[in-house]
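Structure first, commentary second.
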Amino acid sequence: MKKLALILTLLASCSTWAQGDIEAGKQKSVTCTACHGQEGNSALAQYPNLAGQHAGYLEKQLHDLKLGMETQGKQGRWDPVMSAMAMPLSEQDIKDISAYYASLPMADNTTPERVIPEGKALYLAGDMQRGITACIACHGPRGNGTSLSGFPKISGQHADYIKAQLEQFRSGERHNDMNGMMRDIANKLTDKDIATLSQYVGGLH
């Protein structure tokens with residue numbers, strides 16, 4: 001019984017240790033503010049909002065960006081700026097920074113009324129004739145994704161950033177998606193589809 005109690009205590013300690021430290025992450029994120037804003041909400045549309053994103057997803061992206069630098073883009077995710085930024089981060093740095101941004105509220109964004117009819121139809125139902133899976137299947141009705149499944153929160157994101165990512169998935173330039181799911185979907189999207197969806201998800205929250 002004592003051994004069982006000891007094992008449970010050790011497991012609890014490991015679980016606690018494995019979590020990121022929000023305050024430490026705040027200090028370590030100082031260099032991130034130039035692109036991602038003071039509290040994770042970027043003023044520059046080409047960079048993503050990190051505030052409110054799932055910690056596990058942020059951790060994966062930082063690991064993938066680091067791997068991209070180590071393999072010159074053959075594995076993981078390659079970005080000339082972010083891969084270089086991620087390279088010196090330790091495992092604990094990644095956990096701390098991810099925990100910090102996940103703890104912050106994402107700024108409000110909006111959806112232009114002109115894209116709502118087409119955007120809503122594509123997001124909620126996809127397009128069976130073209131084999132396009134509905135976005136709601138993974139990202140949810142409000143675009144919040146799911147932390148356990150590894151699907152990111154996309155509501156509130158900048159349209160320019162979402163558009164760039166969909167285009168990169170379509171071209172294969174970005175290839176760190178789970179089981180190639182995003183590449184498969186993006187390959188079937190037209191330029192108009194991408195423009196519409198990119199603007200539509202902004203106001204889902």
Quiz item: How many angstroms lie between atom CD1 of Ile22 and atom OG of Ser98, to the nearest 0.5 angstrom?
Solution: 11.5 Å
Practice problem: Return the orientation label for the His139 and Phe151 ring planes: parallel under 30°, perpendicular over 60°, tilted otherwise. | Solution: perpendicular
Quiz prompt | Interatomic distance, Lys26 atom NZ to Asp21 atom CG [nearest 0.5 angstrom] | solution = 12.0 Å
Self-check item: Main-chain N/O of Cys32 paired with Ser29 side-chain donor or acceptor, under 3.5 Å
Solution: no
Practice problem: Give a yes or no on whether the backbone of Leu204 and the side-chain of Ser155 come within a donor-acceptor separation of less than 3.5 Å. | Solution: no
Quiz item: Is Phe169 linked to Ile194 within one hydrophobic cluster, defined over Ile, Leu, Val, Met, Phe, Trp and Tyr using a side-chain heavy-atom separation of less than 4.5 Å?
Solution: yes
Quiz item: Do you reckon Met178 sits in the same ILVMFWY cluster as Leu67, going by side-chain contacts under 4.5 Å, direct or chained?
Solution: no
Practice problem: Nearest 0.5 Å please: distance from the CG atom of Asn176 over to the CD atom of Gln75. | Solution: 12.0 Å
Quiz item: CZ of Arg77 to CD of Gln165: how many Å apart, nearest 0.5 Å?
Solution: 5.0 Å
Quiz item: Side chain of Ser42, backbone of Cys35: donor and acceptor closer than 3.5 Å?
Solution: yes
Exercise. For Leu89 and Ile97, run side chain to side chain contact (heavy atoms under 4.5 Å, CB included): C-alpha distance rounded to whole Å, both residues' side-chain angles, the deciding distance at 0.1 Å, then the answer.
Key: CA-CA 10 Å; Leu89 298 177; Ile97 291 171; 4.1 Å; yes
Quiz item: Is there side-chain contact between Gln46 and Tyr161, with heavy atoms separated by less than 4.5 Å?
Solution: no
Self-check item: ILVMFWY network linking Ile162 to Leu122, side-chain heavy atoms under 4.5 angstrom
Solution: yes
Quiz item: Nearest heavy-atom pair of Asp184 and Lys188: which atoms, and what distance?
Solution: OD2-NZ, 3.5 Å
Quiz item: Is Leu124 linked to Leu197 within one hydrophobic cluster, defined over Ile, Leu, Val, Met, Phe, Trp and Tyr using a side-chain heavy-atom separation of less than 4.5 Å?
Solution: yes
Self-check item: Rounded distance [0.5 Å steps], CG in Asp64 versus CE in Met82
Solution: 11.5 Å
Exercise. Run the numbers on Glu91 and His63 for side chain to side chain contact (heavy atoms under 4.5 Å, CB included), then give the verdict.
Key: CA-CA 9 Å; Glu91 179 68 26; His63 281 299; 2.8 Å; yes
Practice problem: Dump the intermediate steps for side chain to side chain contact (heavy atoms under 4.5 Å, CB included) on Lys163 and Asp160, then the final yes or no. | Solution: CA-CA 5 Å; Lys163 180 175 181 289; Asp160 288 1; 5.6 Å; no
Quiz item: Any sub-3.5 Å donor-acceptor pair from Ser171's side-chain atoms to Gln168's backbone N or O?
Solution: yes
Quiz item: Would you say the side chain of Tyr47 lies within less than 4.5 Å of the side chain of Val81, judging by non-hydrogen atoms?
Solution: no
Self-check item: Expected output: side-chain Asp177 to main-chain Arg183 donor-acceptor under 3.5 Å
Solution: yes
Practice problem: Check step by step if side-chain hydrogen bond (donor to acceptor under 3.5 Å, both in side chains) holds for Asp193 and Thr190. | Solution: CA-CA 5 Å; Asp193 293 333; Thr190 65; 3.1 Å; yes
Practice problem: Grab the two heavy atoms, one from Ala102 and one from His54, that are nearest each other, plus how far apart they are. | Solution: CB-C, 4.5 Å
Practice problem: Determine, using the 4.5 Å side-chain heavy-atom cutoff (strictly less than), whether Met85 and Met87 are members of one ILVMFWY cluster. | Solution: no
Quiz item: Leu166 and Met182: side chain to side chain contact (heavy atoms under 4.5 Å, CB included), yes or no, with the steps?
Solution: CA-CA 8 Å; Leu166 288 173; Met182 282 305 305; 3.6 Å; yes
Exercise. Taking all non-hydrogen atoms of both residues into account, name the closest pair between Ala51 and Pro105 and its distance.
Key: CB-O, 3.5 Å
Exercise. Taking all heavy atoms of Tyr200 and all of Thr111, pick out the closest pair and write down the distance.
Key: O-OG1, 2.6 Å
Self-check item: Contact summary for Ala125 and Ala134, nearest pair of heavy atoms
Solution: C-CB, 3.6 Å
Practice problem: Find the distance between NE2 (His36) and CD (Gln53) and round it off to the nearest 0.5 Å. | Solution: 11.5 Å
Quiz item: Should we say atom CD of Glu39 is surrounded by more than 12 heavy atoms from elsewhere, each under 6.0 Å from it?
Solution: no
Quiz item: Is the side chain of Asn49 donor-acceptor paired with the backbone N or O of Gly156 at a distance under 3.5 Å, no angle test?
Solution: yes
Exercise. May I ask you to decide if Gln38's main-chain N or O and Thr33's side chain share a donor-acceptor pair within less than 3.5 Å?
Key: no
Practice problem: Mind listing the closest non-hydrogen atom pair of Gln19 and Gln92 along with its distance? | Solution: O-NE2, 3.7 Å
